[in-house]
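Here is the structure we will look at.
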Protein chains: 2
Amino acid sequence: MLTTLTEENYLKAIYHISQTSKKGVSTNAIAKKIDAKASSVTDMLKKLADKNLITYIKYKGVNLTEKGRLTAVDIIRKHRLWEVFLVDKLNFSWDEVHDVAEQLEHIKSPKLINELDALLDFPTHDPHGDPIPDKNGQIQRTDKIVLSQASVGETYTCVGVIDSSSDFLKYLDKHQIGLGSKIHVIEKEDFDQSMSLEINSKTIVMSKSITNNLFVKKL
Amino acid sequence: MLTTLTEENYLKAIYHISQTSKKGVSTNAIAKKIDAKASSVTDMLKKLADKNLITYIKYKGVNLTEKGRLTAVDIIRKHRLWEVFLVDKLNFSWDEVHDVAEQLEHIKSPKLINELDALLDFPTHDPHGDPIPDKNGQIQRTDKIVLSQASVGETYTCVGVIDSSSDFLKYLDKHQIGLGSKIHVIEKEDFDQSMSLEINSKTIVMSKSITNNLFVKKL
DNA sequence: ATATATTTTTAGACAAGTCTAAAAATTATC
DNA sequence: GATAATTTTTAGACTTGTCTAAAAATATAT
Ligand SMILES: [Mn+2]
Ligand SMILES: [Mn+2]
Ligand SMILES: [Mn+2]
Ligand SMILES: [Mn+2]
């Protein structure tokens with residue numbers, strides 16, 4: 001059974017929300033992510049349940065079935081491969097790729113995506129540091145932490161961003177911070193959790209709203 | 001004003017039909033090409049006329065406005081560039097590209113298509129020999145003729161196919177005929193217009209339904 | 001020129017996906 | 001545990017793009 005573009009977007013939203021909360025995914029959470037009204041979401045949940053892509057019990061949250069999870073992960077695989085393509089082959093910067101990838105992820109052609117994978121030399125991560133699921137839906141999880149939880153005195157490598165909005169990515173570009181940047185934690189302010197960091201031999205102070213959006217790994 | 005995927009497909013259909021007939025494009029011709037009923041076409045024609053993409057007078061044929069023509073040609077440009085990409089970069093054969101290009105042609109991103117153009121080294125023709133319109137909607141017309149109209153005793157180069165269905169292209173592959181193949185016309189049968197040709201040092205007889213679908217240029 | 005055939009348009013209906021407003025269920029509060 | 005606030009679902013409507021069946025216009029044939 002083929003999935004429509006809209007159904008695919010719902011599955012992706014449900015998948016992403018379910019990654020952050022363990023419990024069933026609520027109607028309102030989906031509505032917020034999809035930017036639709038809760039009543040529209042309820043309608044769609046019935047359709048997805050009919051297609052055995054989610055388990056849905058009225059008034060309880062929903063969960064992806066294995067079939068639904070595989071469909072969602074396949075869309076995410078395509079999204080991230082296209083983002084790599086745009087950056088590596090078409091000179092896009094990492095803050096320009098998301099919207100185009102949102103369109104490209106719905107193109108249906110297994111050969112297209114397998115060949116793209118090969119053209120890009122089987123990348124494991126997208127331009128924002130997110131892992132690219134393999135053909136079987138397996139995702140390689142790494143032991144990254146959020147920068148706000150890093151320890152004073154330690155040095156880290158930047159391995160990913162959480163917020164990949166253009167504004168945030170441009171802030172990082174301005175300070176020459178990207179994947180692979182070395183970040184040494186000089187000090188952590190108790191009052192507002194802001195951090196003093198040494199990056200590229202310069203000292204920079206970041207507020208909590210920024211350090212909450214960077215993934216790092218201990219060197 | 002943004003165009004929907006469906007509107008774009010109608011504009012493309014109208015453009016292609018108008019290339020073959022000079023007169024206004026009829027409702028039925030569009031219905032046949034789009035594979036929809038005439039009543040559906042009438043509904044869409046009203047929408048396209050409201051958007052100033054076509055001129056439409058009830059019971060008379062329709063014509064593209066300049067705005068409509070530019071939109072159609074832009075979709076065709078994208079379609080053909082994607083076809084080149086699929087063949088040159090992703091190892092597709094020329095009979096596999098059309099359906100995927102039908103999807104990709106609707107992706108909206110000027111930067112994407114300009115960068116793709118550069119990646120492919122600004123190709124002038126797609127894998128089927130069709131010209132790729134430039135950024136301004138200009139199309140380079142060449143002096144090709146249909147093989148069925150070629151003269152006995154002359155030698156030609158194959159420069160394009162008209163029918164780019166998978167079946168026809170596979171027939172050509174089987175006989176090692178492609179763009180650039182040299183075709184010498186040995187004889188033309190009066191009775192059924194079939195032609196005896198020398199291609200790749202071998203003699204081959206082609207029926208009119210085949211010679212009607214190959215574009216050639218005198219050497 | 002009149003009758004017939006074909007093409008095109010209109011009228012009314014349907015599916016997908018969305019909305020608003022109201023009802024029902026769940027959760028939070030006192 | 002009753003009441004209030006929040007969440008979720010239902011009911012009914014709208015838009016886009018499609019269909020069938022019937023009416024209107026145009027084209028063809030005698
Ligand atoms: Mn993205
Ligand atoms: Mn990404
Ligand atoms: Mn094509
Ligand atoms: Mn082509």
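Here the structure is a predicted model, which is why all the values come from computation and not from measurement. Excluded from the calculations below are hydrogen atoms, water molecules and symmetry mates; all remaining heavy atoms, backbone and side chain alike, are included.
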*asked:* Using OP1 and OP2 only, check whether a side-chain N or O of B/Thr42 sits under 4.0 Å from C/dT9.
replied: yes
*d(NZ, B/Lys60; P, D/dA25) in whole Å*: 12 Å
*Are B/Ser40 and D/dC19 close enough that a side-chain N or O sits under 4.0 Å from OP1 or OP2?*
yes
*Would you say the side chain of A/Ser39 and the base of C/dT20 hold a donor-acceptor pair, judged only by whether the two atoms sit under 3.5 Å apart?*
yes
*asked:* Ignoring hydrogens and geometry beyond distance, is a side-chain donor-acceptor pair present between A/His79 and A/Asp126 at under 3.5 Å?
replied: no
*D/dG17 OP1/OP2 closer than 4.0 Å to side-chain N/O of B/Thr4*: yes
_Below the 4.0 Å mark, does C/dT10 have OP1 or OP2 next to a side-chain nitrogen or oxygen of B/Tyr59?_
no
*Side-chain N or O of B/Tyr56 less than 4.0 angstrom from OP1 or OP2 on C/dT9?*
yes
*A/Lys23 has an atom NZ; how far is it from atom P of C/dT27, in whole Å?*
10 Å
*May I ask you to say what A/Ala38 touches in the nucleic acid, namely base, sugar-phosphate or nothing, with a heavy-atom cut-off under 4.0 Å?*
base
*Taking the side chain as C-beta and beyond, is there a heavy-atom pair between A/Thr211 and A/Gln193 under 4.5 Å?*
no
*Within the structure shown, what part of the strands sits under 4.0 Å from B/Thr6 by heavy-atom distance: base, sugar-phosphate, or nothing?*
sugar-phosphate
*Going from CD1 on A/Ile132 to NZ on A/Lys78, what distance comes out if it is rounded to the nearest 0.5 angstrom?*
14.0 Å
*Given D/dT8, is OP1 or OP2 found less than 4.0 Å from the side-chain N or O atoms of A/Asn28?*
yes
_Between P on C/dT9 and CE on B/Met44, what's the gap in Å once rounded to a whole number?_
14 Å
_Nearest whole Å is fine: how far is C/dT8 C1' from B/Lys37 NZ?_
15 Å
*Return the nearest nucleotide to the side chain of B/Lys47; candidates are D/dT16, C/dT10, D/dC19.*
D/dT16
*Can you tell me how far CG of A/Leu104 sits from CG of B/Leu104, rounded to the nearest 0.5 angstrom?*
7.0 Å
*Interatomic distance, B/Asn9 CG vs D/dT16 C1' [rounded to whole Å]*: 14 Å
_Rounded distance in Å - CG (A/Asp50) to C1' (C/dA15)_ = 14 Å
*Out of A/Val62, A/Asn9, A/Asn63, which residue meets the side chain to side chain contact (heavy atoms under 4.5 Å, CB included) rule with A/Ile14?*
A/Val62
*Atom CG of B/Asp43 and atom C1' of C/dT8: how far apart are they, to the nearest Å?*
12 Å
*asked:* Measure CD1/A/Ile30 against C1'/D/dT9 and give the value in whole Å, please.
replied: 14 Å
*Of the candidate nucleotides D/dT9, D/dA25, D/dT18, which contains the atom at the shortest distance from the side chain of A/Lys58?*
D/dT9
